[in-house]
Structure formats: C-alpha cells, structure tokens
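Step one of this worksheet: look at the structure below.
Because only heavy atoms are used, hydrogens play no part in the values below, and waters and symmetry mates are left out as well, while side chains stay in. Given the structure is predicted, the values throughout are model-derived calculations rather than measurements.
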Amino acid sequence: MAIAGLQRLSSQISRNPTLSLYSRAIISRSSATTSSSAKVSDRIVKLTAYDFDGQKREIVGLSGQTLLKALTNNNLIDPASHRLEDIDACSAECEVNIAEEWLEKLPPASYDEQYVLKRNARHRILNKHSRLGCQVVLTQEMQGMVVAVPEPKPWDTP
C-alpha cells in the first residue's frame, strides 16, 4: 500500500512542469529503487559506449540511474572532474553524444540542459546529438543505446 501511494505521488510530481529536470530525475530514481521488489538483475540496462579513442565498450547501468553514473562506474568519465547530477552547478563536462536512432526515444532536453550545453559550446557548433549524461536517466527502454564520450576538453583535464 505504501509503495502504491509512493508511485501515485511520484507520477503526480513528475507531471508538474514547475519542477526542474534534476528534481524529476531524483524522484524517478527513488521511485525506481523503491517501487518494486525486483532483483538488481531486472534493473540492468546494457549500453554500448565509444570512448574518445573510438574503442567500443559494453557497459552496464541500472534503471533509475543516470547515464553519467553508468559511464563513471565503467571508467569512461572521470568522476573527480564532475559535480555529479547537479544541473545548477553544471559545466557540461558530462556531455555525451547519443546515436541518432536513440535521440527520439529519450525525453526531450529541458530548458536548463539546453542552456548549459549552449553556454559551454565555447565558440563551437553544438552537436545535435549532445546531451548531458547527468540529465539522462536510464530506463529499461534504453537497452542497447549507443553513446559516444567525446574527448575531454582542455579545461576538463588537470
């Protein structure tokens, strides 16, 4: 009964347009972890990632987890250089490129995400495949999604 109430509350809150994407991501992550007694194996999302050298890697994340978390857990992005999942402090170090066939399957980028990507384009043309890994919350529908991690920008490297 408590789980059903949490699910109803979560769906009502997620439809609220005044909440930031970050708040919705936290709610969806918490509801994904509490809404079912499913095994961890039922939450696994397998992805294909290309590092900046072009090496293909199969990575694993969990539904309800951000793409950034999955990439850092698989050593494709350095976690020390990121303010994980806080769009207000974001400097777009978690920018990734999503394969075109997956772009339309993702929720659209929020105004905040678009603003951060444009602000940090730094006089380059913004790739239409760019998304912030901290704002993409993994779901089971993303099984097999293909992402590319771009080369670290000069201001990202110590």
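Side chain of His129 to main chain of Ile98: a donor-acceptor pair is present (N/O by atom type, distance under 3.5 Å, no hydrogens or angles). Looking only at distances, no side-chain donor or acceptor of Gln65 sits under 3.5 Å from a matching main-chain atom of Val137. Proximity of a side-chain donor or acceptor of Gln143 to a complementary backbone N or O of Ile44 within less than 3.5 Å is detected.
Exactly one residue among Glu58, Lys56, Arg57 makes a side-chain hydrogen bond (donor to acceptor under 3.5 Å, both in side chains) with Thr48. That residue is Glu58.
For Glu101, the CD atom is densely surrounded, since the number of other residues' heavy atoms within 6.0 Å is greater than 12.
The CD atom of Gln114 lies 10.5 Å from the CG atom of Leu132; values are rounded to the nearest 0.5 Å. Summarising the geometry, atom SG belonging to Cys94 is positioned 7.5 Å from atom CD belonging to Gln135; distances are rounded to the nearest 0.5 Å. Taking CD of Gln140 as the reference point, atom NZ of Lys46 lies at 11.0 Å (rounded to 0.5 Å). Interatomic distance, NZ of Lys128 versus CG of Leu117, reported as 15.0 Å (0.5 Å rounding).
Tyr50 and Val146 make their closest contact through CE1-CG1, 3.8 Å (heavy atoms, listed as atom of the first residue, atom of the second, distance). Nearest heavy atoms, Ala49 versus Leu71: CB-CD2, 4.2 Å. Taking all atoms of both residues into account, the shortest heavy-atom contact from Gly133 to Thr66 is O-CB, 3.7 Å. In terms of heavy atoms, Asn97 sits closest to Ser130 at OD1-OG, 3.3 Å.
Checked for salt-bridge contact, Arg131 and Glu113 meet the test: a charged N lies under 4.0 Å from a carboxylate O.
Counting only heavy atoms from C-beta outward, the side chains of Leu47 and Asn74 never approach each other to under 4.5 Å. Looking at heavy atoms from C-beta onward, Leu138 lies in side-chain contact with Leu67 at the 4.5 angstrom threshold. Within the 4.5 Å cutoff, side-chain heavy atoms of Leu106 are placed close to those of Met142.
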